[in-house]
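Computed from a predicted model, the values in this text were never measured in an experiment.
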Amino acid sequence: MLFAVGFVVSNLFHPAASVAATPRHYTELEFPPLRELELPDYTRFQLDNGLTVYLVEDRELPLISGNALIETGSRFEPLDKVGLANLTGNVIRAGGTQNHPADELNRILEQNAASVESSIGSTAGSVSFSALSEDFEEVFDLFVEVLRQPAFAEDKIEVAKNQMRGNIARRNDEPGGIADREFQKLIYGETSPYARTTEYETLNNIRREDIVSFYEQFFAPDRAILGIVGDFDSEAVKTLISEKLGDWKPASAPLPELPEVSQARESGVFLVDRPQLTQSYIELGHLGGLRSNPDYPILGVMNNVLSGFGGRLFNEVRSRQGLAYSVYAYWGAQYDYPGVFVAGGQTRSEATVPFIEAIRAEIDRIRNEPIDEEELQLAKDSTLNSFVFNFADPSQTLSRLVRYDYYDYPLDFLYQYQEGVRATTVEDVQRVAQEYLDPEQLVTLVVGTSEAIDPPLSSLSPDTEVTAIDVTIPEAS
């Protein structure tokens with residue numbers, strides 16, 4: 001014991017121990033260079049019926065997982081039946097199959113510690129599975145049944161509808177959720193498939209035959225890309241896929257045209273008055289762009305100059321001016337339709353106007369003043385570092401490959417993006433800021449307490465008119 005105490009005391013006063021215990025500033029930390037991204041070995045082939053398949057062998061663990069990406073989406077559902085795609089995506093799996101009712105399917109999967117899931121989002125549908133290697137063929141059979149032979153049981157449809165009704169009833173519980181939802185409507189338009197919301201009325205309009213029709217319209221092999229990764233032999237799995245999916249019939253009609261996109265509200269200040277709030281939730285921005293834009297990598301760098309830990313908004317608006325609990329900016333770009341540029345955050349009610357003015361000032365500054373080399377390097381490093389985490393394991397990389405194929409992007413898009421980031425210059429950042437950030441197009445939305453916002457939103461400029469947004473949920477019929 002005396003030895004131990006003596007050891008601790010001597011080290012407390014040892015100069016080397018004192019130096020080692022001194023924390024270093026984050027700018028002094030040194031890290032090894034990032035590993036180069038490498039695509040795993042993969043097999044790509046196509047069946048005669050048009051089904052595209054990617055296989056990636058990964059023998060590290062006795063697991064196999066797969067996902068079929070389907071060309072569908074809520075953007076193709078009728079305006080009077082908003083929620084149809086979401087509901088269909090849910091009950092493809094939850095409704096069981098023609099050979100296995102839902103409860104039996106659940107039991108088999110649970111016994112095998114496996115899963116089969118399905119969903120439909122705004123631009124794609126998905127049916128996925130995961131299993132132990134030893135159970136792969138049995139689980140794959142169930143996956144194929146869900147993909148090709150969903151039963152759409154009436155009782156499970158009603159369960160899913162009730163869950164969606166619950167979501168409608170609770171959609172105003174979170175002010176951040178209100179801000180996100182209403183801001184999308186301001187940018188895309190209330191009836192745009194990229195912004196519209198499911199209502200009790202549109203949900204009540206949906207019948208089982210609508211679900212079956214929607215499924216049959218889009219689920220076909222020539223509209224699907226299947227990716228499988230894990231502990232398997234590619235040749236054996238290729239044979240299995242041909243046996244189970246080779247007789248799946250291609251689609252008989254072309255896909256609908258993609259909806260057109262334009263900015264619905266060009267500038268303006270909008271308020272959702274929530275008297276119970278003690279802070280404001282703020283979003284301001286305008287229409288963004290596409291990932292296929294050659295300037296997309298540069299816009300990513302510009303975004304990291306503005307946002308994130310160490311970015312201008314964090315340093316100026318949050319740290320120096322003390323105006324924000326949180327603050328961010330994001331240049332949104334989608335694969336096949338324009339995303340949204342949005343900046344915002346949360347602040348106390350009386351700081352709402354100064355917060356908005358501070359964000360606008362930073363947008364003006366990055367447009368009008370060149371950034372310095374240190375900012376550029378920090379933003380490039382941050383962009384590249386975060387990008388690498390999208391490819392941490394073979395399943396993530398396969399998911400990206402499938403997604404690039406789905407949207408007709410080159411499979412080396414990830415390398416093109418990296419090279420674009422590395423090549424970005426100070427001049428590039430100012431150029432894209434001037435070209436793509438438009439102060440005249442900024443739409444501003446505040447979710448907060450109007451009486452507590454002082455100075456009022458009308459003080460933002462001499463001609464500011466504040467438009468109230470009513471988020472009252474229509475009664476269920």
Side-chain angles (χ1 to χ4, degrees), residues 36-73 92 114-121 123-133 135-137 139-144 146-148 218-248 250-251 255 291-292 335-336 387-418:
E36 290 295 322
L37 280 181
E38 294 183 5
L39 293 179
D41 292 333
Y42 65 89
T43 300
R44 182 187 186 278
F45 63 94
Q46 196 168 56
L47 300 184
D48 291 340
N49 59 11
L51 176 67
T52 300
V53 181
Y54 284 83
L55 301 178
V56 174
E57 295 184 20
D58 179 15
R59 304 304 182 99
E60 186 173 349
L61 294 171
L63 302 171
I64 301 177
S65 61
N67 182 54
L69 207 59
I70 313 294
E71 281 190 278
T72 182
I92 283 173
S115 70
V116 176
E117 305 295 341
S118 65
S119 64
I120 296 178
T123 65
S126 169
V127 181
S128 62
F129 72 88
S130 64
L132 295 169
S133 306
D135 302 320
F136 168 60
E137 291 197 26
V139 174
F140 188 76
D141 281 348
L142 296 174
F143 162 78
V144 171
V146 170
L147 184 64
R148 297 185 58 182
F218 295 102
F219 277 66
D222 50 337
R223 292 182 180 159
I225 303 176
L226 173 62
I228 301 179
V229 60
D231 180 24
F232 58 77
D233 175 74
S234 291
E235 288 303 316
V237 171
K238 186 175 181 180
T239 299
L240 181 66
I241 291 171
S242 298
E243 291 174 355
K244 302 295 182 180
L245 294 169
D247 62 345
W248 194 9
L255 279 169
R291 297 185 184 214
S292 56
Y335 286 100
D336 63 357
F387 186 68
V388 165
F389 285 104
N390 294 317
F391 306 90
D393 59 56
S395 63
Q396 287 180 298
T397 305
L398 175 61
S399 176
R400 281 296 178 119
L401 287 176
V402 169
R403 197 161 293 275
Y404 291 156
D405 196 333
Y406 180 85
Y407 291 107
D408 292 326
Y409 276 59
L411 295 184
D412 67 344
F413 180 74
L414 62 98
Y415 295 117
Q416 294 181 22
Y417 179 80
Q418 281 187 306

Let's go through Val56 and Asp41 carefully: what are the C-alpha distance in whole Å and the side-chain angles of both, what is the deciding distance for side chain to side chain contact (heavy atoms under 4.5 Å, CB included) to 0.1 Å, and is it a yes or a no?
CA-CA 6 Å; Val56 174; Asp41 292 333; over 6 Å; no
Looking only at heavy atoms, which two atoms of [X] and [Y] are closest? And how far apart?
| X | Y | value |
| --- | --- | --- |
| Leu147 | Ala68 | CD1-CB, 4.4 Å |
| Pro394 | Val229 | CB-CG2, 4.0 Å |
| Val139 | Ala114 | CG2-CB, 3.6 Å |
| Gly125 | Thr72 | N-CG2, 3.4 Å |
| Val402 | Leu69 | CG1-CD2, 4.0 Å |

From [X] atom [atom1] to [Y] atom [atom2], the distance as rounded to the nearest 0.5 Å:
| X | Y | atom1 | atom2 | answer |
| --- | --- | --- | --- | --- |
| Leu245 | Leu51 | CG | CG | 6.0 Å |
| Glu71 | Leu255 | CD | CG | 5.0 Å |
| Thr397 | Leu414 | OG1 | CG | 8.0 Å |
| Asp58 | Ile64 | CG | CD1 | 10.5 Å |
| Ser399 | Asn67 | OG | CG | 7.0 Å |
| Leu401 | Tyr42 | CG | OH | 6.0 Å |

Can you list the steps and then say if Val146 with Ile92 is a side chain to side chain contact (heavy atoms under 4.5 Å, CB included)?
CA-CA 6 Å; Val146 170; Ile92 283 173; 3.7 Å; yes
Could you check if a side-chain atom of [X] sits within less than 4.5 angstrom of a side-chain atom of [Y], using non-hydrogen atoms only?
| X | Y | answer |
| --- | --- | --- |
| Glu60 | Asp231 | no |
| Ile241 | Leu226 | yes |
| Leu142 | Phe129 | no |
| Ile70 | Tyr406 | no |

Using modelled atom types only, decide if a donor and an acceptor are shared between the side chain of [X] and the backbone of [Y] within a distance under 3.5 Å.
| X | Y | result |
| --- | --- | --- |
| Tyr54 | Ile228 | no |
| Glu57 | Ser234 | yes |
| Asn49 | Trp248 | yes |
| Tyr335 | Ser292 | no |

Indicate whether any N or O donor in one side chain lies under 3.5 Å from an N or O acceptor in the other, for [X] and [Y].
| X | Y | value |
| --- | --- | --- |
| Glu117 | Ser128 | no |
| Ser126 | Ser119 | no |
| Asp412 | Tyr404 | no |

Heavy atoms of other groups near Glu137 CD, more than 12 under 6.0 Å:
no
When you check the gap from the basic side-chain N to the acidic O, do Arg148 and Asp247 get nearer than 4.0 Å?
yes
Salt-bridge criterion met for Arg291 and Asp336 (N-O under 4.0 Å)
no
For the pair Tyr407 and Thr123, evaluate side chain to side chain donor-acceptor pair (under 3.5 Å) and give the outcome as yes or no after the intermediate values.
CA-CA 10 Å; Tyr407 291 107; Thr123 65; 2.6 Å; yes
Checking side chain to side chain contact (heavy atoms under 4.5 Å, CB included) for the pair Asp233/Lys238: CA distance, chi angles, key distance, verdict?
CA-CA 9 Å; Asp233 175 74; Lys238 186 175 181 180; over 6 Å; no
Geometric cation-pi criterion, Lys244 with Phe140: 6.0 Å, 45°:
no
Which word best sums up how the rings of Phe413 and Tyr409 line up, parallel for under 30°, tilted for 30 to 60°, or perpendicular for over 60°?
perpendicular
Parallel, tilted or perpendicular: which one describes the rings of Phe232 and Phe136, with boundaries at 30° and 60°?
parallel
